[in-house]
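Inspection log for the structure reproduced underneath, given as structure tokens.
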Amino acid sequence: MLEKAYDPQVTEDRIYQMWEDSGAFKADAKSTKESFTVSMPPPNATGQLHLGHAVMLALEDIFIRFARMQGKEALWLPGTDHAAIATESVVIKKIQKEEKIRDPRAKFGRTELVRRIAEFVEKSQGTIRSQIRKMGSSCDWSRERYTMDPSLNRCVNEVFQKMYKDGLIYQGFRVVNWDTALQTTISDDEIEYQDREGTLWTFEYLSAEQTGGEPLAVATSRPETKLGDNAIIVHPDDERYAHLVGRHFEVLWPGGVTRHVTVVADHSVDREFGTGTIGCTPYHSKIDYEIWQRHKEEIFADPQQVIGEDGLMTENAGDFAGLSVEKCRQKFVEGLQKQGKLLKEETYVQPLSISYRSKQPVEPIPKLQWFIDVNKKVVVWKKKKMSLKEVLQEVVRSKDICIIPDRFEKTYFQWIDNLQDWCVSRQIWWGHRVPVFYCRNCMDAQDSTDQGSGIRDQGVYVSVEGLDKCSECGSSVTQDPDTLDTWFSSGLWTWSTLIDPVLTGDYSLDLPDLLAQSPDFQKFHPTTVMETGYDILFFWIARMILMTTYATGQIPFKTVYLHGLVRTRDGKKMSKSDPSTCIDPLEIIPKYGADALRMSMIVGQSPGNDFRLYEEKIGGYRNFINKLWNASRFVLMTCESADVDPHSAEGSGIRDQGSGKLPLADRALLSSLQDLIEEVTNSLEGYRLSEAGERLYSFVWDYFCDWYLELSKGEANPQLLVHALRTILILLHPYCPFVTEELWSHFKPKDAGMLIKEPWPVAEKKSKNAQAQQDLQIVINVISAIRSLRADYNVEPSALITAIIHSKKYAKLLESQRSHIERLGRVEFLSIDSQPQQHEHVASAFLKDTEVHLPLEGIIDFSKECTRLAKEQDDLQKFL
RNA sequence: GGGUGGUUAGCUCAGUUGGUCUAGAGCGUCUGGUUUACACCCAGAAGGUCACAGGUUCGAUUCCUGUACCACCCACCA
């Protein structure tokens, strides 16, 4: 016999082990069944399971279990991510702290540091793997991948090479986002904006003497960058400055630096803001860089880099060289003041670019980097040549890819509209290294010094398998020191994980060969649904679409399901830096069970919307799991007392008995089960997980337990009970796999296997009986009315009473259900007739087509009732 | 500045093609309760002019327009 309460702790790990050992998670590429594939968004290899993962795992496990039970060849491919910058900085910090080494990069060198990071990842990878299992995730561990696997590296190199050949990847000297803390570039999407209170300084840029009239003033929040100016920009229609446009000036800055600037007219200037002029600093502002590019011909002087990679002022900053940006700013302003040029100093709120990774301000600096061109029309898609940008738009616009909820399509398009070339190179060591090799010898031999268009320069080789010697001159080559943005390899995730690792060692094969000869890729790609938080729509979803359509000619997935972010009880974001705001799934699971946690994150939530999670909510679903447990216990006890073996109970026998023979409640139950199957299936197929979960919850608790089981007491049909329970367990299994699998072992038919492999039920028309359902509802309403009246008139709960029911329409029906009404309403004398009659001293309830009366004489003590009412009146008066 | 979402019981939220919504759930509250599983339970109850103002309609929480407040995304360091 089952324990009185369900204990997930003694069950879950055992069940998971059983599943895993049985091979139930394993997908078969040779199968002829329709495939259903989910690529698990790979958690950070060194990470800890948090609620974001938990939501993802719960949702995807529901998709995959449902598909598996529906008879599809279901593959859920798990994996971990090398999380380039994040991991490298964690390990560096660890070494700094534990080994007291200030600069581990300098101390160990590249090879050794990378080895140490790999070692650290290796060690900690096991943690996240076991934590994923804790959630009940039925993923195919035999196909686990890691974004730094050699086979994935092969894919990365192949794609890089293909893009290089197509001219989609190029090296360019540009103003990039430099993270001074992490000492690397970051992409535009890795920037966050924060409003900070700053100062806007207005100063005299050109004197009255220089302009020959009014002095020209410029406003800036970054005076120190003015040392790198080579122009002043004004609006073409601005009459104040029209006479200066095209003229060159010499400016002497504090710090003893002299610069030549040209006054240039450009429409990007807002005449209303500040003085209507901009000091143009091409090397420390992307906007200014663009302006410079537009007016290169007119501008006399070259721009100057005055801030270095270390965040300190460069030699070009004259006396300020070596100072920090902040210090220089202060000195510079003081200098202006001394020169008598400072006109105004006001505070204002300015947006500040912050690195998503280090949370430090981003410094725009000029650098030679690798970029992916998103506008070049060389991608063949649906027989047309398009740019990457256009393909990104096309696949969603044409509904090849659907996003749930669909409003995110708009967000997606908006992002694409603003998309610029993607900077993919990073100055860190942990990651996929740029597969480009340089031969100094050949490069030096070449006289071109044009940095901007150096993509096909001599001595530059892109190699998939690596290169030692230059193919031209035979001298040794050096590999590009940079690594690729972590999203470059993540962008390949849906298919690089399906490439046969045995093939990737064979360099005689090209990318199309690899794709064509990998059975997993052929069977399981494109994947069916990609599920992730909406916060990485741009970072990852869009990148996967970009990289995959280009590299494989296929979309990466058909549907994108975006879940909301988990928030605290107060609606705040849970942040790692403040553990008190976090709910730790690893603490919750032992306490409430993974099943309860899963349901609490799915039911009552809608995709794309944030939701708040707190312990009581999880507790509520723990209670539900326990309710299901106890209902099963009851069914088991019923079987026992009727001497029926639950394993040999025959479901189909019940259904074939013919609906006429079964009692009303049984007919209604059978019929309701068909509705349930239909509705749950429909909801799940439409990815409406909350709806299906809620339906199941309410069916089990409010209908099956509260009414059917109560009605069945005393005249239970064990066969039918077992049949109903089996159906419930099957339908609930995707939501709460552990408890249902455990209970299934007590109820499964003799020849059945584990629940995880049980076929999904199909609703049977012949079991449907709308009349029975309606009739049962009438009976339920009558019983509820009696109970309600009893409570209203404070009838002793244990007292047996008299009840009178008048109903022309339902008299016959109610008569046939007399025993149920009597038992559940605690009625001793029940009179049912079809004619309404007048009664005195009765409590009455009027239902549609039915009246329920309880004679009060004798059941309630009127004197006691008077005292009670008097007291109540008293209380109310006091309250008033 | 551009865009998106939210505003429904004390709290957290469902409500998918406008009429079984005289508006639902969970938690909380109140009144009772050892009834052949379950107190992680059972029975009963209270509690909402579905943000506000217009419009379309026979009829709107549901569609349209506007307003307010709260989130979020994107752009912008003059």
Side-chain angles (χ1 to χ4, degrees), chain A residues 1-2 4-6 188-189 193-196 198 200-202 218-222 225 233 268-270 272-279 284-288 348-353 361-362 364 405 407-408 410-411 413-415 417-418 534-535 537-538 564-565 567 569 571 573 592 596 600 603-606 608-617 619-638 641 683 686 688 690-691 693-694 697-698 701-702 705-706 709-710 712-714 716 783-784 787-792 794-798 823-824 826:
Chain A
M1 186 42 63
L2 300 176
K4 203 168 171 183
Y6 171 63
D188 296 345
D189 295 294
Y193 293 94
Q194 276 179 17
D195 279 338
R196 287 223 184 143
L200 187 68
W201 288 275
T202 306
V218 165
T220 182
S221 61
R222 298 209 54 185
T225 63
I233 319 296
S268 63
V269 181
D270 177 0
E272 309 300 316
F273 190 93
T275 59
T277 59
I278 302 174
H284 296 290
S285 156
K286 284 193 181 182
I287 308 255
D288 292 4
Y348 92 123
V349 178
Q350 68 178 73
L352 192 65
S353 308
V362 167
R407 67 184 139 89
F408 278 98
K410 205 163 180 176
T411 318
F413 286 125
Q414 201 191 354
W415 176 80
D417 290 342
N418 290 313
Y534 65 77
D535 54 331
L537 177 63
F538 310 140
L565 275 27
R567 290 173 176 277
R569 188 194 303 269
K573 266 190 187 167
Y592 297 98
S600 69
V603 182
Q605 324 300 351
S606 48
N609 289 333
D610 293 354
F611 64 96
R612 303 177 192 205
L613 189 69
Y614 38 87
E615 245 179 286
E616 295 95 296
K617 209 181 245 183
Y621 289 99
R622 185 265 321 266
N623 296 352
F624 170 72
I625 303 286
N626 192 241
K627 186 75 181 174
L628 178 69
W629 180 264
N630 273 289
S632 306
R633 221 159 74 93
F634 176 75
V635 174
L636 220 48
M637 287 163 116
T638 309
S641 58
S683 299
R688 296 185 300 272
S690 175
E691 189 180 270
E694 216 167 329
Y697 182 103
S698 151
W701 202 316
D702 306 334
C705 290
D706 288 350
L709 289 186
E710 291 306 323
S712 80
K713 282 177 181 172
I783 295 170
S784 294
R787 285 172 171 176
S788 182
L789 289 173
R790 290 180 65 119
D792 285 351
N794 292 296
V795 177
E796 279 292 314
S798 56
R823 192 163 49 82
L824 297 179
R826 299 194 71 77

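Numbers restart at 1 for each chain; the letters A, B, ... are given by sequence-line order, proteins then strands.
With sequence neighbours left out, the salt bridge (Lys or Arg N to Asp or Glu O under 4.0 Å) criterion links A/Lys573 to no other residue. In this structure A/Lys4 satisfies the side-chain contact (heavy atoms from CB on, under 4.5 Å) test together with A/Arg633, sequence neighbours excluded. Residues meeting the side-chain hydrogen bond (donor to acceptor under 3.5 Å, both in side chains) test with A/Thr277, sequence neighbours left out: A/Thr275. Take A/Phe611 and apply the ring-ring contact (aromatic ring centres under 6.0 Å, His included) test, not counting sequence neighbours, and it matches no residue. For the ring-ring contact (aromatic ring centres under 6.0 Å, His included) test, no residue two or more places apart in sequence or in another chain qualifies with A/Tyr592. Applying the ring-ring contact (aromatic ring centres under 6.0 Å, His included) test to A/Trp629 and every residue at least two apart in sequence or in another chain returns A/Tyr6. Residues satisfying the side-chain hydrogen bond (donor to acceptor under 3.5 Å, both in side chains) test with A/Asp706, not counting sequence neighbours, are none. Residues passing the side-chain hydrogen bond (donor to acceptor under 3.5 Å, both in side chains) test with A/Asp535: none are found, sequence neighbours excluded. In this view, A/Gln414 satisfies the side-chain hydrogen bond (donor to acceptor under 3.5 Å, both in side chains) rule with no residue, not counting sequence neighbours.
A sub-4.0 Å separation between OP1 or OP2 of B/C13 and a side-chain N or O of A/Ser606 is absent. Dashed line: the shortest gap from a side-chain N or O of A/Arg612 to OP1 or OP2 of B/U12 is under 4.0 Å. Between B/C38 and A/Arg633, a contact under 4.0 Å exists linking OP1 or OP2 to a side-chain N or O.
For the strand RNA chain B, secondary-structure stems (runs of at least three Watson-Crick or G-U pairs, all distances below 3.5 Å) span B:1-7 with B:68-74, B:10-13 with B:24-27, B:29-33 with B:41-45, B:51-55 with B:63-67.
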- Task: Determine, for nucleotides 22-36 of chain B in 5'-to-3' order, which nucleotides have protein heavy atoms under 4.0 Å from the base (write B), from only the sugar-phosphate (write S), or from neither (write -).
- Result: ----S-----SS--B
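Closest to the A/Glu691 side chain, of the nucleotides B/U16, B/C38, B/C40, is B/U16.
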Anything under 3.5 Å between a protein N or O and an N or O of nucleotides 73-76 of chain B, put it in a table, one pair a line.
residue : atom : partner  : partner atom : Å
B/C74   : O2'  : A/Asn418 : ND2          : 3.0
B/C76   : OP2  : A/Tyr193 : OH           : 3.0

- Query: So A/Arg569 and A/Glu616, salt bridge (charged side-chain N to carboxylate O under 4.0 Å, His left out) or not? Walk me through it.
  - Reply: CA-CA 10 Å; A/Arg569 188 194 303 269; A/Glu616 295 95 296; 3.0 Å; yes
